[in-house]
Protein chains: 2
Amino acid sequence: MTSDVRARIDPSIETARSVVEAGLDSGAVVTIFGECTVEYDGRAASTLGPGDRHVMCKPDGTVLVHTDEGHQPVNWQPPGCTHDVSITDDALVLDSRRDNPDEQLVVTFDAVEHVAAFDVTDPEELSLSGTEEDLRQRILEEPSLIEPEFTPLATERETSAGAVDVYGEDGDGRAVVLELKRRRVGPDAVGQLARYVEALQRDLHADTGVRGILVAPSVTDRARSLLAERELEFVALEP
Amino acid sequence: MTSDVRARIDPSIETARSVVEAGLDSGAVVTIFGECTVEYDGRAASTLGPGDRHVMCKPDGTVLVHTDEGHQPVNWQPPGCTHDVSITDDALVLDSRRDNPDEQLVVTFDAVEHVAAFDVTDPEELSLSGTEEDLRQRILEEPSLIEPEFTPLATERETSAGAVDVYGEDGDGRAVVLELKRRRVGPDAVGQLARYVEALQRDLHADTGVRGILVAPSVTDRARSLLAERELEFVALEP
DNA sequence: AAATAGATTTCGTCC
DNA sequence: GGACGAAGTCTATTT
């Protein structure tokens, strides 16, 4: 089995350029490591002085510039960009642009220590569990997790304030709005639930009030206070 | 100048293991490219079948698994993890764990096409402009951007609902709360502003109402409706 | 360590 | 293409 990797250690700038260009043209994932500066201008603007970084260009137009720290790239370009590689003043210049919004990322390598191009085939999709969607399924299958006589009537029910996670009614026939969160919630989630309850109250112009229940593993103190103020409820449930 | 890169193309599993282990021990950024499977268990859980991916291990304990698409890694481990590399059944196994929360990521390579270790020195900090903080500075320097007689009195002023971006008063001496956003805002930002205004109203028990102003480049239709309902205001301002 | 909100958030889904 | 909200969000800041 032949390898689909093209790689060079301490390449000349011209060799690096040629490996990068060939890689980009062939739809490979291209990585460059070396001392570089980075300029970005678009939704915001940034500059980054000289330092060693790892740059990855994907065939979908993504660019990622990574330092030795952190999950997030220090600079990047989202999918959909077009790349151009050239040599200016003995430096390797990677120029990545997109429109809507107009954004440009320029990485300039004074020295390239390593360059590689990988032909990627990845047929698999990630199978993920423990999401908010899983939590919703559990509740629909077993509504008593919320309270004994809760009955789900709809998911993603539209209100004038947006779609509600789960809409249903309780044992007394009162309308109930559920807002689901897979992790501990703060004030924002309470605000979200309050908006939905208020909107549905108005949409239904019900004589009996609409109940709002926040469903999450736990709540912060401030969120709990806000829930109390607005007469909203909380049910503890792990995702 | 000597290179600080150690790299191998189509290494044996044992060679790959040794390069990775040496790299991790020496605080290098280590990259592995090849066919692998990925298992994750922690805040959620996921599995990913065989495919070609690029894996990066940083000296701060970050792991990133990238496919050929997307800005985000398909799997990852945040900073602070400890890594272990070993060989099991002729496969290279990278095991990354952390506590609090308990999380484990296991990447198993059937074949390694490329492995490299980079010694990174990056003394520079990113200089970024066009953030919400910059918008705030502009407003403090030129309060008339909000309205002719607006006077800022405090930033990050604490209320029972959290800290307010900018607190001030208008020409009539009425309290004003500003919520700043660097981009077009939806309903969530209105909810946030409403929480602050409500809390401050109560905190001050003012006879005249507290004004709330959303400052952003633009608003969505629904956000505009919500603003109107709650008698909140909007000022258009680019970051 | 927990809480709170920003982010060049990105990403998916629905309209 | 815009709008809306989730995310294993991550990250910085403050308590």
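These numbers come from a predicted model, not from an experiment. Keep in mind that the numbers below use all heavy atoms, side chains included, and drop hydrogens, waters and symmetry copies. Chain identifiers are assigned alphabetically (A, B, ...) following the order of the sequence lines, protein sequences preceding nucleic acid strands; residue numbering begins at 1 within each chain.
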Given DNA chain D, 5'-ward residue of the pair Asn100(A) and Gln77(B), judged by closest heavy atom: Asn100(A)
Most 5' of Val219(B) and Trp76(B) on DNA chain D, judged by nearest nucleotide: Val219(B)
Picking from [options], which would you name as closest to the side chain of [X]?
| X | options | value |
| --- | --- | --- |
| Tyr40(B) | dG8(D), dT4(C), dT10(C) | dG8(D) |
| Gln192(B) | dC4(D), dG6(C), dT4(C) | dG6(C) |
| Leu126(B) | dG5(D), dT9(C), dT8(C) | dT8(C) |
| Tyr196(A) | dG5(D), dT4(C), dT8(C) | dG5(D) |
| Arg43(A) | dT9(C), dA6(D), dG6(C) | dT9(C) |
| Thr220(A) | dA7(C), dT8(C), dA3(C) | dA3(C) |

Given DNA chain C, 5'-ward residue of the pair Lys181(B) and Arg184(A), judged by closest heavy atom: Arg184(A)
Test side chain to side chain contact (heavy atoms under 4.5 Å, CB included) applied to Glu147(B) and Asp170(B), step by step: CA-CA 8 Å; Glu147(B) 61 182 29; Asp170(B) 66 13; 3.3 Å; yes
Does either side chain, that of [X] or that of [Y], offer a donor lying less than 3.5 Å from an acceptor on the other one?
| X | Y | result |
| --- | --- | --- |
| Asp134(A) | Ser129(A) | no |
| Asp165(A) | Thr155(A) | no |
| Asp52(B) | Thr121(A) | yes |

Verdict with supporting geometry, Glu103(A) and Arg98(A), salt bridge (charged side-chain N to carboxylate O under 4.0 Å, His left out): CA-CA 5 Å; Glu103(A) 289 193 301; Arg98(A) 68 163 174 162; 2.6 Å; yes
Checking all strands, does [X] fall into the base, sugar-phosphate, or nothing category for heavy-atom contacts under 4.0 angstrom?
| X | result |
| --- | --- |
| Asn75(B) | base |
| Ala223(B) | nothing |
| Glu156(A) | nothing |
| Arg98(B) | nothing |
| Ser46(B) | nothing |
| Glu179(A) | sugar-phosphate |

Whether His71(A) and Trp76(B) hold their rings parallel, tilted or perpendicular, with breakpoints at 30° and 60°: perpendicular
The single option from Glu142(A), Glu156(A), Glu141(A), Glu179(A) passing salt bridge (Lys or Arg N to Asp or Glu O under 4.0 Å) against Arg136(A): Glu156(A)
Spacing between Glu133(A) atom CD and dG5(D) atom C1', to the nearest angstrom: 13 Å
dA5(C) pairs with, by Watson-Crick or G-U criteria that keep both distances under 3.5 Å: dT11(D)
Atom pairs under 3.5 Å: protein N/O with N/O of nucleotides 11-15 of chain C:
from    : atom 1 : to       : atom 2 : distance (Å)
dC11(C) : OP1    : His71(B) : N      : 2.7
dC11(C) : OP1    : Gln72(B) : N      : 3.1

Whole-angstrom distance between dT9(C) and dA5(C), as gauged at atom C1': 13 Å
Glu229(A) bridged to Arg202(B) by N-O distance under 4.0 Å: yes
